[in-house]
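Here's the structure we're looking at; comments come further down.
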Amino acid sequence: MSLLEVKDLHTSFFTDAGEVKAVNGVSFFLDRGKVLGIVGESGSGKSVTAYSIMQILAGTGKIVSGSIKLDGQELVGAGEKVMKTVRGNRISIIFQDPMTSLNPTYTIGKQLMEAILLHTNRNKKEAWDRAVEMLRLVNVNEPEKRMKQYPFEFSGGMRQRVMIAMALACEPDILIADEPTTALDVTIQAQILELMGTLQKELGMAIIMITHDLGVVAQMCDEVIVMYAGSICEQGTADEIFYNPCHEYTKGLMRSIPTANTAGKKLQPITGTPIDLLNMPEGCPFAPRCDAAMKICIKQRCENMQLNDDHRAACWMNVKRGVEDGSITLEGGADHE
Amino acid sequence: MSEQGNRPLIEVKNLKEYFNINMGMFRTKPLKAVDDVSFSINKGETLGLVGESGCGKTTVGRTILHLYKPTGGEVWYDGKKLETRADIQEFRKKATMVFQDPYSSLNPRMTVSDIIGEPLDIHNLYSTKQERMDRILELMGHVGLNSEHASRYAHEFSGGQRQRIGIARSLAVNPDFIVCDEPVSALDVSIQAQVINMFDELQDKLGLTYLFIAHDLLVVRHISDRIAVMYLGKMVELADAAEIYDRPLHPYSKSLLSAVPVPDPKAARANQRIVLTGDIPSPLNAPSGCPFRTRCRYATEQCAAEIPEFKEVEKGHFVACHRTAEVN
């Protein structure tokens with residue numbers, strides 16, 4: 001049994017303009033001690049997936065259907081009482097913007113101790129010691145002195161360290177990191193990623209790394225999920241996704257990143273703009289922007305198909321390729337032109 | 001991406017920009033945002049300017065355009081020093097800017113045609129209304145917008161399209177030189193590539209010269225002919241794009257480049273990252289001597305005592321480090 005099993009998750013926001021299907025049938029497993037990357041552009045549903053797991057969706061958001069199992073325990077519909085024992089204790093989250101996710105009116109120490117006092121049976125003195133220990137763990141210098149300071153006295157990188165310390169204070173099984181380094185400079189990003197990597201190995205927790213930066217994914221993740229318009233396009237091991245992408249969107253993403261080899265050449269961007277989630281097409285959501293789109297792509301959505309042990313993708317091109325090289329035989333002859 | 005002509009279009013000599021920070025009653029302290037920076041940009045060239053937040057890269061761009069009055073130093077345009085108000089007025093018809101945030105840099109109360117037409121109005125660049133509209137539509141064509149977009153408002157557009165509007169506005173006066181201040185950092189990867197290609201195409205078509213400011217080193221590497229690295233208000237290294245990536249000489253450039261996450265798992269596993277300790281110091285309390293010495297593992301007493309000179313160590317490769325020979 002996997003540590004976390006998400007099955008056919010549907011999350012929608014019910015706005016005045018209509019239902020926005022932000023997450024549309026997402027399934028994945030996460031094993032202990034693994035780092036799972038979720039990549040996608042803004043609006044692809046990667047953050048909403050994470051917020052659904054934590055059940056911290058904004059007012060109009062709701063999990064419509066699906067199942068989220070933590071160690072076999074169903075969380076969807078489990079109620080706030082159960083979720084309170086899960087959040088912070090078993091699953092923690094760190095957010096993108098370390099500037100706004102700390103309360104400016106309380107000291108760092110107080111905010112760190114709050115998490116510890118809430119989730120463990122420690123008294124104030126023990127919580128203080130634990131908080132200092134956590135700050136030391138994330139390489140904050142002079143932790144005793146830092147405990148008495150306010151967030152404005154910390155730099156961006158330091159605040160993100162505090163957020164990590166806070167998230168790890170109760171030794172969660174899963175850490176969800178929602179764009180943890182997007183707001184930071186590259187040298188600080190390198191520090192934070194290295195810290196997360198080390199802590200992950202030391203504490204043996206699983207990480208869900210949500211990011212739009214394929215570089216961060218390549219560096220950190222064992223497994224990768226690529227999302228587009230609320231659905232999973234492709235999932236598999238990092239090596240499979242990077243060296244053998246099997247969805248046109250993933251291929252397009254890889255092509256559009258500048259690298260050392262593209263200097264002086266034209267990039268190959270994905271044309272068009274991301275779709276409006278209020279007007280989802282019937283077929284593959286990426287079909288309107290896809291250069292390889294066939295008739296069937298516009299009519300019917302492709303299922304997430306198993307390509308090999310480490311790789312699943314939802315793209316009709318794989319079926320076409322399979323038919324062409326004879327590994328798939330079609331019954332009745334579907335039209336794919 | 002072209003190297004036509006090697007006459008400098010923009011020359012910056014010992015540029016300084018200090019901001020006075022209020023430290024309490026009647027006391028101010030200069031914040032040296034840009035301190036003694038010199039470089040030149042050739043016609044048709046793209047100079048990339050990289051560095052972390054707070055290093056002064058945006059201020060360099062804005063000070064060149066005299067959006068801030070330089071505290072010291074000179075800016076030369078096309079072989080002529082900018083001195084009088086009239087010089088600067090004239091210069092602003094030739095040099096424009098594209099801003100980072102396509103959400104806050106467009107007036108939400110103006111239509112697209114008015115946003116793009118505003119520079120035309122300011123500099124009196126048309127005689128009839130028809131001429132103005134024709135020019136606006138031509139500019140929109142340059143950046144891939146349709147004529148039906150002209151009467152819409154900025155909020156009706158996505159981030160990538162807004163950035164196109166911003167670029168069309170910067171092209172309105174028919175400039176030679178554009179300061180691009182993080183023009184793609186707010187955009188998604190797939191849209192980013194579209195906009196980068198557009199910058200490339202416009203450069204070829206209109207013979208533009210860019211100062212391309214960004215913190216995304218992969219993007220800068222892609223678009224630039226030469227790259228300058230800044231740290232705490234000072235320029236620490238300047239060289240050809242390929243050269244600086246393959247053989248950075250300054251310890252800061254080395255760590256900066258090694259910190260870039262490469263989208264390639266095998267390379268990422270093999271990459272020996274030079275992780276810097278600590279944070280960038282506050283520019284209000286900049287270290288004496290070399291600004292980087294507090295985070296540099298090669299720092300000696302000399303680094304604390306003397307400011308290293310920004311000098312050409314090889315042809316076209318400038319670096320400001322006392323210990324270039326020992327470090328490399």
Side-chain angles (χ1 to χ4, degrees), chain A residues 39-44 139 141 154-158 181 183-191 193-195 211-222 224 237-239 241-243 249 252-274 289, chain B residues 1 50-55 157-161 184 186-198 200-201 215-225 241-242 245-246 252 255-269 271 273-280 282 295:
Chain A
V39 271
E41 299 179 88
S42 24
S44 62
N139 301 332
N141 290 331
F154 283 61
S155 67
M158 284 310 227
T181 56
L184 306 175
D185 281 315
V186 272
T187 60
I188 308 297
Q189 166 169 293
Q191 289 176 6
L193 292 180
E194 191 176 79
L195 174 71
T211 178
H212 66 271
D213 188 335
L214 288 162
V216 171
V217 174
Q219 190 184 328
M220 295 288 291
C221 301
D222 305 308
V224 182
T237 58
D239 284 13
I241 299 289
F242 277 90
Y243 301 125
Y249 175 63
L253 267 191
M254 303 277 176
R255 276 198 299 264
S256 55
I257 323 171
T259 63
N261 304 328
T262 63
K265 291 184 212 143
K266 281 264 137 66
L267 292 175
Q268 297 179 313
I270 300 173
T271 50
T273 48
R289 297 176 75 188
Chain B
M1 285 289 147
V50 295
E52 296 178 90
S53 39
C55 74
F157 293 90
S158 65
Q161 279 177 312
V184 295
L187 308 176
D188 273 321
V189 187
S190 70
I191 307 299
Q192 187 173 303
Q194 293 176 6
V195 176
I196 292 171
N197 276 353
M198 201 176 63
D200 257 355
E201 283 156 20
H215 67 264
D216 186 331
L217 294 135
L218 293 173
V219 170
V220 173
R221 153 100 212 228
H222 175 81
I223 201 159
S224 307
D225 298 312
Y245 270 80
D246 298 340
Y252 177 64
S255 55
L256 190 67
L257 291 168
S258 80
V260 180
V262 265
D264 181 343
K266 281 180 190 151
R269 273 174 235 139
N271 185 8
R273 220 161 273 107
I274 310 167
V275 176
L276 289 178
T277 50
D279 284 312
I280 188 165
S282 157
R295 295 169 84 191

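Excluded from the calculations below are hydrogen atoms, water molecules and symmetry mates; all remaining heavy atoms, backbone and side chain alike, are included.
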Shorter than 4.5 Å, heavy atoms on both sides: which option in [options] has the most such pairs with chain A?
options: B/Ala268, B/Ala242, B/Ser255, B/Ser190; value: B/Ser190
options: B/Ile280, B/Asn197, B/Leu218; value: B/Asn197
options: B/Ala193, B/Ala241, B/Pro265; value: B/Pro265
options: B/Arg273, B/His215, B/Gln161, B/Glu201; value: B/Arg273
options: B/Val262, B/Asp264, B/Leu276, B/Val219; value: B/Asp264

Not counting sequence neighbours, which residues clear salt bridge (Lys or Arg N to Asp or Glu O under 4.0 Å) with A/Asp239? List them please.
B/Arg269
State, to 0.1 Å, how close A/Ser256 and B/Val189 come at their nearest heavy-atom pair, and which atoms those are.
OG-CG1, 3.9 Å
Can you name the closest pair of heavy atoms from B/Ile191 and A/Pro274 and give their distance?
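That closest heavy-atom pairing would be CD1-CD, 4.1 Å.
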With a 4.5 angstrom heavy-atom cut-off, which part of [X] approaches chain B: side chain, backbone, both or neither?
X: A/Asn139; value: neither
X: A/Val216; value: both
X: A/Arg289; value: side chain
X: A/Tyr243; value: side chain

Taking every heavy-atom pair that is under 4.5 Å apart, which of A/Leu267, A/Thr259, A/Val217 has the most such pairs with chain B?
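The answer is A/Leu267.
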Out of A/Met158, A/Lys266, A/Met254, return the one with the most heavy atom pairs under 4.5 angstrom to chain B.
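Top count of heavy-atom pairs under 4.5 Å with chain B: A/Lys266.
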Quick one: does any side-chain atom of [X] pair with a main-chain N or O of [Y] as donor and acceptor, under 3.5 Å?
X: B/Asp188; Y: A/Glu41; answer: no
X: A/Gln189; Y: B/Ala259; answer: no
X: A/Asp185; Y: B/Ser53; answer: yes
X: B/His222; Y: A/Lys265; answer: yes
X: B/Gln194; Y: A/Gln268; answer: no

A/Thr262 and B/Arg221: side-chain donor and acceptor closer than 3.5 Å?
no
Ignoring hydrogens and geometry beyond distance, is a side-chain donor-acceptor pair present between A/Thr187 and B/Glu52 at under 3.5 Å?
yes
Residue part contacting chain A, namely of B/Ile274, when any heavy atom lies under 4.5 Å:
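When you check distances to chain A, no heavy atom of B/Ile274 falls under 4.5 Å.
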